[in-house]
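Quick notes on the structure that follows.
Each chain gets a letter, A, B and so on, in the order the sequences are listed, and its residues count up from 1.
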There are 2 protein chains.
Amino acid sequence: MDLTDKQQEVLMFIRKKVREGLPPTIREIAAEFSFSSTGTVRDYLKALFRKGYILLNEKKSRAIELTEKAMLTIPILGSVPAGVPVLAVENVEDYFNVDKLFSQKEELFFLRVRGDSMIGAGIMPDDLVLVKKQPCAQSEDIVVCRIDDEVTVKILRNREGRLFLEPANKNYSIIPLNENSQIVGKVITAIRRYV
Amino acid sequence: MDLTDKQQEVLMFIRKKVREGLPPTIREIAAEFSFSSTGTVRDYLKALFRKGYILLNEKKSRAIELTEKAMLTIPILGSVPAGVPVLAVENVEDYFNVDKLFSQKEELFFLRVRGDSMIGAGIMPDDLVLVKKQPCAQSEDIVVCRIDDEVTVKILRNREGRLFLEPANKNYSIIPLNENSQIVGKVITAIRRYV
DNA sequence: ATTCATACCACACATCTGTGTGGTATGTCA
DNA sequence: TGACATACCACACAGATGTGTGGTATGAAT
């Protein structure tokens with residue numbers, strides 16, 4: 001039930017166009033592969049739909065939607081037992097869906113972390129944290145907040161009914177959430193890039 | 001030369017649709033704002049183009065392109081000075097280029113980190129490290145290696161001409177690089193996902 | 001031998017879509 | 001006062017676009 005080489009090529013073309021921001025029309029796909037009939041393209045689209053790689057929105061132009069299956073994925077290796085090559089299929093624990101993580105349906109931004117106040121949680125200076133903008137969060141969430149006109153990363157914690165912004169470093173102090181300390185968003189991912 | 005409230009609304013609608021993968025047609029925009037004429041929408045598109053927020057591709061359906069000014073990519077915020085809104089343009093330090101980081105030209109895989117041997121370098125248990133497969137690396141690189149049929153993350157370090165695999169945790173021992181310990185790849189990124 | 005998926009083609013057709021050409025009304029700035 | 005931007009409307013039209021209905025040929029599976 002996998003894709004043929006040709007179907008793979010067509011899917012790759014669609015993916016490229018979708019990532020560029022404008023899904024192709026049937027005739028643009030036909031032109032790319034020198035098909036002289038729109039019917040040929042429809043055969044491909046139907047095949048890709050049947051195999052679960054795309055969704056088709058009827059009567060709408062350029063309305064080809066990629067499913068998760070068709071998105072860019074990188075394998076995640078879990079435990080690697082003795083004697084087996086590292087990249088063997090058996091080691092694949094899951095797939096990391098890049099498009100899904102960075103899909104911009106929500107208001108996201110990165111914040112470069114200053115200082116070492118979250119070092120106990122493995123968030124180091126100069127790390128990037130991906131932040132979903134939202135005005136509130138739950139206890140134990142890692143949040144980006146503004147405290148007296150300074151933006152920092154902290155842990156939101158409920159202590160006997162009162163909310164506090166706590167660092168993960170004992171050299172810094174715990175601050176109550178009040179009118180001078182406001183939540184900007186929730187940290188959903190931390191990323192550190194090496195050279 | 002900034003946008004009016006109405007123009008801002010129209011741009012936000014276009015941005016939302018573009019992010020969802022399908023830019024709107026002129027008539028879809030008209031429907032959203034209950035305009036009874038396509039000409040009205042064109043006035044808005046012309047205004048947005050003139051002010052540098054969108055590009056219009058002639059004769060193509062749905063061909064509205066957002067410029068950088070309309071912020072298509074995810075911004076990286078650096079220092080946020082007092083009194084300025086967090087998401088203000090002045091705070092944008094750079095833009096995060098997803099395609100560059102995850103370009104699949106090289107053989108990449110993620111490894112889920114087991115254990116706390118790299119906790120001193122901010123790599124925690126269950127973190128994902130993005131690994132570029134390669135048989136050798138430079139001193140101080142963080143590498144994935146196979147030691148006696150076990151795969152772990154270590155720091156490669158040159159000590160007086162000899163190479164060692166060192167943990168970032170004093171509870172673990174330093175291991176010389178030899179025929180029983182082999183480099184699998186280099187860690188280029190560490191990612192931690194919160195719920 | 002028959003069914004099915006693949007891999008193409010030709011052509012017609014309704015409607016979607018961008019574009020063009022007009023119009024009215026309001027407010028701002030010089 | 002005149003020029004200009006904003007904020008709408010009406011309607012026509014060519015061409016873009018998805019869809020429908022046919023067709024041929026090849027190869028694998030039953």
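- When atom types are taken as modelled, the side chain of A:Lys51 and the backbone of A:Asp2 share a donor-acceptor pair closer than 3.5 angstrom.
- A:Asn57 has its CG atom 18 Å from the P atom of C:dT15, to the nearest Å.
- A:Val184 is connected to A:Ile142 through a chain of hydrophobic side-chain contacts under 4.5 Å among Ile, Leu, Val, Met, Phe, Trp and Tyr, so both are in one cluster.
- The closest donor-acceptor contact from the side chain of A:Arg62 to the backbone of B:Ser61 lies under 3.5 Å.
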Base-contact (B) and sugar-phosphate-only (S) positions in nucleotides 5-17 of chain D, heavy-atom cut-off under 4.0 Å, - elsewhere: -SSBBBB-----B

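- Listed for the B:Asn169 side chain is no donor-acceptor partner under 3.5 Å among the backbone atoms of B:Ile119.
- Distance B:Glu58 CD to C:dT19 P: 6 Å, rounded to the nearest Å.
- Between A:Tyr44 and A:Phe35, the gap from one ring centroid to the other is short of 6.0 Å.
- Atoms CG (B:Leu56) and P (C:dG20) sit 12 Å apart, rounded to a whole Å.
- Between B:Ile14 atom CD1 and C:dG18 atom P the separation is 11 Å, expressed in whole Å.
- Atom pair A:Ile54:CD1 and D:dG18:P shows a separation of 12 Å (rounding to whole Å applied).
- Distance CD1 (A:Ile64) to C1' (D:dG18): 11 Å, rounded to an integer number of Å.
- Taking atom CZ of B:Arg42 as the reference point, atom C1' of C:dG23 lies 14 Å away to the nearest angstrom.
- For B:Arg27, the side chain to side chain contact (heavy atoms under 4.5 Å, CB included) partners two or more places apart in sequence, or in a different chain, are B:Thr25, B:Thr38.
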